[in-house]
Amino acid sequence: MKKNKLEITTIPKKISTPLLYRITRTIILSLVIFSLLLITLYVVGNYQNFQDLSQKTILNVLMYTAILTLFLTVPVIVEDIIMLFVIKQKTGRIVSLVLMLLTILFCTFCLVYTGMIEIISVGF
């Protein structure tokens, strides 16, 4: 006689990303887009003959935006590194980690760019 046994299978739960992590990534994306717009505005301002004070203000806002983006990127990178060891599906976290590293490179470029132009505008 054959008995039918019910096998209980558990479906592994997908680890969802925390709300603060998603909000931080959205803010970082917004700040990167804002930095790109500021760089574009600065370049266009050179051709449109913006006043020197306006150009300096654009550079200062770009510098502060880059610093804020760097400060927000560090916790996201730490979260990505921790989650690489916790979850099984690592491709999304690897892509996020690479994008955050590219964001750090972009912000470093913005800081070097604004510092260079600040030094050149003041004089040696």
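All residue numbers in this chain count up from 1 along the given sequence.
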Undergrad: Can you list the residues that meet the side chain to side chain contact (heavy atoms under 4.5 Å, CB included) rule with I82, with sequence neighbours excluded?
TA: V78, V86
Undergrad: Can you tell me if N46 has over 12 outside heavy atoms packed within less than 6.0 Å of its CG?
TA: yes
Undergrad: Could you list the residues that satisfy side chain to side chain contact (heavy atoms under 4.5 Å, CB included) with I104, not counting sequence neighbours?
TA: L70, T73, I77, T108
Undergrad: Tell me, which pairs form a side chain to side chain donor-acceptor pair (under 3.5 Å) where one or both residues lie in residues 110-120, sequence neighbours left out?
TA: none
Undergrad: Could you identify which residues cluster with L29, counting Ile, Leu, Val, Met, Phe, Trp and Tyr as linked when any side-chain heavy atoms lie under 4.5 Å apart, either directly or through a chain of such contacts?
TA: I33, L37
Undergrad: Applying ring pair (Phe, Tyr, Trp, His ring centres under 6.0 Å), can you list everything that pairs with Y64, at least two apart in sequence or on another chain?
TA: none
Undergrad: So, using side-chain hydrogen bond (donor to acceptor under 3.5 Å, both in side chains) as the criterion, who are the partners of T65 when residues are at least two apart?
TA: none
Undergrad: Taking salt bridge (Lys or Arg N to Asp or Glu O under 4.0 Å) as the cut-off, I'd like each qualifying pair that reaches into residues 63-78, sequence neighbours left out, listed once.
TA: none
Undergrad: Considering residues at least two apart in sequence or located in another chain, which fulfil the side chain to side chain contact (heavy atoms under 4.5 Å, CB included) criterion with F50?
TA: L41, Q48, S54, Q55, I58
Undergrad: I need the full list of ring pair (Phe, Tyr, Trp, His ring centres under 6.0 Å) pairs touching residues 85-108, with sequence neighbours left out, sorted by first then second residue.
TA: none
Undergrad: Residues in side chain to side chain contact (heavy atoms under 4.5 Å, CB included) with P18, at least two apart?
TA: Y21, E79
Undergrad: Can you tell me how far apart CG (L38) and CG (L31) are? Round to the nearest 0.5 Å.
TA: 10.0 Å
